[in-house]
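Every number for a ligand or one of its atoms is a count from 1 in the order of the listing. We count residues from 1, following the sequence as given.
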Amino acid sequence: MNKMILLALLVSLLMPLSVSAQVPDGFFDVQLRTVPVAGRVHMIQRPDGFANVGVFVGEEGVLLVDSQFKPHAEQLLAAVRDLSDGEIRFLINTHVHPDHIGGNEPLATGGVLIFAHDNMRVRMLERRSRFPRGNGGFFPQAPAAARPFVTFKEQLTFHFNGEEVKVFLAPPAHTDGDTFVYFTESNVLHLGDVFRTTSYPVIDVYNGGTLAGTIEALDLAISLAGPNTRIIPGHGVDVVGREEVVQFRDMIVDVAQRVRELISQGETLDGVIAAEPTKQYDDKWGRVASWSEKDFIPIVYHQLGGGSLYE
Ligand SMILES: [Zn+2]
């Protein structure tokens with residue numbers, strides 16, 4: 001199977017890198033690195049923590065959570081191989097975005113079985129997908145081989161490598177197919193892009209994401225996590241604990257409350273932006289150029305009924 005994956009990688013790398021048009025020059029000229037998380041779980045990540053991959057390794061084989069951008073597919077496979085020679089059997093996608101499903105096609109062609117939520121597969125069937133960054137750019141439909149082979153409605157459980165891996169739908173937060181993955185013995189939770197440590201939440205309204213669902217989903221994660229649970233953010237350099245998720249949730253609730261009050265006072269979007277409702281948080285969550293308070297505030301405003309922003 002490894003030969004087949006390599007062959008599939010070679011074929012896929014010869015195809016145009018459609019996503020690369022949307023990222024800065026040199027974005028893919030980085031080295032992926034591997035970070036031990038806890039128990040049987042590792043994280044493979046870009047140095048900027050963009051789209052972290054979970055890797056679950058044991059005597060029965062390897063299970064991956066997300067598959068990075070397509071241009072990183074070869075590096076991702078090499079990094080997994082450094083952890084284990086075992087068969088890569090399963091891949092779970094946390095959601096539909098191209099930085100989380102780019103490696104799907106070569107992995108699937110090599111025999112890896114892909115799992116995701118029903119809604120995520122439906123989103124993948126759209127002729128092209130809209131994305132909130134850059135005022136709603138588009139990216140092309142992923143190839144058929146990249147689609148999940150198995151989908152679920154509420155939850156499923158893997159009994160693999162001596163532990164239960166719980167996979168379940170979160171409330172509609174980042175998208176309407178957001179999937180959390182909980183490794184029960186290793187005590188690791190991968191929250192996909194519902195949780196990020198480096199920027200404000202991306203609420204992808206084009207793909208069913210909502211503000212209310214973001215708060216609900218974070219509440220769910222907080223209720224699941226114990227004091228020793230390690231949490232992999234979809235985006236973020238560090239593996240963190242429950243407290244960081246609490247801070248992120250509290251920030252979103254606070255910003256939403258401020259914006260709600262401004263709307264009730266009759267403020268326009270420009271007025272809300274001028275009031276700087278995120279000011280005290282911008283140093284922590286507003287420093288990623290591609291997703292700052294300039295992107296976050298209009299979505300909060302829109303989600304709270306302040307006006308129709310996305311047509
Ligand atoms: Zn995403």
Derivation and outcome, salt bridge (charged side-chain N to carboxylate O under 4.0 Å, His left out), residues Arg196 and Asp193: CA-CA 6 Å; Arg196 47 186 70 218; Asp193 282 5; 3.3 Å; yes
Option among Val194, Asn52, Asp66 that satisfies the side chain to side chain contact (heavy atoms under 4.5 Å, CB included) test with Thr94: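 Option passing the side chain to side chain contact (heavy atoms under 4.5 Å, CB included) with Thr94: Asp66.
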Donor + acceptor pair across side chains of Gln257, Glu261 (<3.5 Å): yes
Set of side-chain contact (heavy atoms from CB on, under 4.5 Å) partners for Gln155, sequence neighbours left out: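 Partners of Gln155 under the side-chain contact (heavy atoms from CB on, under 4.5 Å) test: Phe168.
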N, O or S atom of [X] closer to the Zn ion (ligand 1) than 2.8 Å:
X: His100; answer: no
X: Asp193; answer: yes
X: His95; answer: yes

Atom of His97 nearest the Zn ion (ligand 1) (restricted to N/O/S, atom name only):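 In His97, the N, O or S atom with the shortest distance to the Zn ion (ligand 1) is ND1.
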